[in-house]
Amino acid sequence: KIRKGTRIIADGAFNNQSIDKIVIPSTVIKIGENPFQSDPYYNDNNIKIESHSPYFITKGCALYSKDGCAIIAYWGNEKHFVIPQNVKHIGSGCFSNSNSLEEITFPEGLESIGKKAFEDCYSLQSIDLPQRVKCIGESAFWGCEHLENVWSLGSVETIESNTFEGCNLKYIHLPSTLKKIGDNAFNYNVELKNIELPDSVEELGKSVFAYCYKFERINLGESVRQIGDFCFYECPIKEIRLPSSLLHLGVRPFDCVEKIITKQNSLFASVGGILKNTKTGNSECYFGKETSLVLNGIKSISPLAFYKSKVENVTIPESVKVISKYAFYEASKVKSILLSNQLELIEMGAFSGCSSLVNVIIPETVKEIQPSSFSGCLSLKSIQFEGSEIKVSESMIQSGNHLGFPSAYHSHCETMGSSTTEMIHCDVDIETLEVITIIVPPSTKEKFTFNPVFSTWEYNPMQRRFQIIEIDENS
């Protein structure tokens with residue numbers, strides 16, 4: 001029982017508490033967002049509420065505002081619930097964790113739905129929102145794992161972040177009022193195969209359709225201006241057409257795509273399997289099947305542009321000054337890389353995972369090789385430096401992961417067991433480690449220092465030692 005004299009119940013006041021019943025005293029005049037939400041991992045029962053406050057009323061298994069225009073909390077076990085006709089707002093977390101709820105009837109006058117309002121309603125199968133709905137809070141239907149059909153989203157302008165993450169959508173109708181789809185909005189909808197964006201949509205956030213493993217086709221409409229990082233990550237899209245309105249692409253927006261079609265006089269052009277920014281000369285991503293590439297006309301390379309590509313031989317032109325972070329990450333077929341004489345910087349992880357790369361020559365113009373640039377290059381035998389004024393160390397082959405790949409949905413109800421991994425110490429005989437030969441210019445050997453890379457506590461496939469020789473010694 002809440003102490004008499006309490007005037008405000010704050011946001012999240014009783015979240016995840018093992019409480020069966022709460023009595024709201026007559027002195028309470030305000031209830032914050034999501035105060036009674038239950039998380040099934042912590043507590044599998046919704047809290048029953050009795051109100052003595054003149055500002056709030058209970059009817060059946062629900063708590064409403066005094067005027068009945070807002071439903072604040074629900075603790076019932078019905079399979080079908082009808083929201084009263086005078087309700088205009090559904091409060092944040094109101095139906096959260098209502099596992100029995102399979103169907104809900106929305107009133108025609110409904111205008112808004114709060115954050116996490118139906119989060120973890122695992123049995124909910126479909127929704128059909130009235131046209132007056134203009135606002136749906138983020139994560140509103142997060143984790144509704146049996147939600148297959150969205151017949152209407154009302155008149156919303158924005159689908160907020162995580163709104164339908166972890167659902168099982170097969171069909172969704174998007175309104176002509178829609179302008180923006182937020183980050184992770186449809187992340188891990190594994191049955192979703194295609195979607196039609198209305199021409200009103202201008203922005204797609206980060207990882208919007210990430211891990212939609214059956215996603216094959218999308219119509220982007222004619223107004224999309226921005227597509228965020230990893231928007232279609234792990235989506236096996238066969239063909240995508242980019243509208244001329246497109247002005248910005250994030251990191252690795254398309255993944256597993258077979259064909260990208262662009263329009264004439266657009267900012268982006270699809271040439272030889274490379275999606276190129278015609279204004280900046282940036283290579284956004286590679287989706288081609290060529291095994292040998294000369295990147296003519298390219299001035300810069302986006303992170304992960306050649307991620308898991310099948311290319312074997314790459315020639316970097318003089319127009320490229322920097323190899324960006326993880327540009328060729330896990331391009332395991334790469335055997336040779338010809339770097340230009342104007343290259344200045346090789347960023348973190350640039351060639352990480354190029355497991356077929358054997359030898360590489362670093363031009364004199366390169367001033368720095370960042371950590372992990374050649375980590376996971378299991379076949380690497382030699383690196384030749386044509387100059388000696390360079391910042392480099394053994395960290396160039398050490399592992400590191402700063403990729404920021406999108407996280408996949410994980411249900412709150414997944415069993416969270418504990419496990420321990422036994423750490424076994426083992427002695428390492430450095431002399432038995434595989435050798436990477438470092439070839440340097442004459443009389444510069446003393447400028448280079450590379451310590452052995454190994455671990456005595458965990459397996460590291462890139463345990464190596466280095467031998468440094470001057471180029472005349474190698475002739």
With sequence neighbours excluded, what pairs up with Ser375 under the side-chain hydrogen bond (donor to acceptor under 3.5 Å, both in side chains) test?
Ser352

Taking the ring of Phe230 and the ring of Phe405, is the distance between their centroids below 6.0 Å?
yes

Does a salt bridge link Lys214 with Glu191, judged by any charged N lying under 4.0 Å from a carboxylate O?
yes

Hey, are Ser207 and Asn187 close enough side-chain-wise for a donor-acceptor pair under 3.5 Å?
no

Whether over 12 other heavy atoms sit under 6.0 Å from His146 NE2:
no

To check you understand the geometry: which heavy-atom pair defines the closest contact between Phe106 and Asp128, and what is its length?
CD1-O, 3.7 Å

Decide if the gap between the ring center of Trp151 and the ring center of Tyr171 is smaller than 6.0 angstrom.
yes

Charged N to carboxylate O under 4.0 angstrom, Glu284 versus Arg252?
no

Do the side chains of Glu196 and Arg217 get close enough for a salt bridge, i.e. N-O under 4.0 angstrom?
yes

From the list Ile218, Val208, Asp183, Leu249, side chain to side chain contact (heavy atoms under 4.5 Å, CB included) partner of Cys231 resolves to Val208

Could Arg241 and Glu239 be called an ion pair, given the rule that one side-chain N must be under 4.0 Å from one carboxylate O?
yes

Locate the shortest heavy-atom distance separating Leu275 from Ile260; write the atom from each residue and the value.
CD1-CG2, 4.0 Å

Is there a side-chain contact between Leu295 and Thr315 in this structure, where contact means two heavy atoms from C-beta onward sitting under 4.5 Å apart?
no

Can you establish whether the number of heavy atoms outside Tyr188 located under 6.0 Å from its atom OH is more than 12?
no

Please lay out, stage by stage, how Asn184 and Ser161 fare under the test side-chain hydrogen bond (donor to acceptor under 3.5 Å, both in side chains).
CA-CA 6 Å; Asn184 294 294; Ser161 299; over 6 Å; no

Check: Trp142 ring centroid to Tyr409 ring centroid under 6.0 Å
yes

Salt bridge (charged side-chain N to carboxylate O under 4.0 Å, His left out) pairs touching residues 147-170, sequence neighbours excluded, are Glu148-Lys170

Near-ring test Phe95/Phe81, centroid separation under 6.0 angstrom:
yes

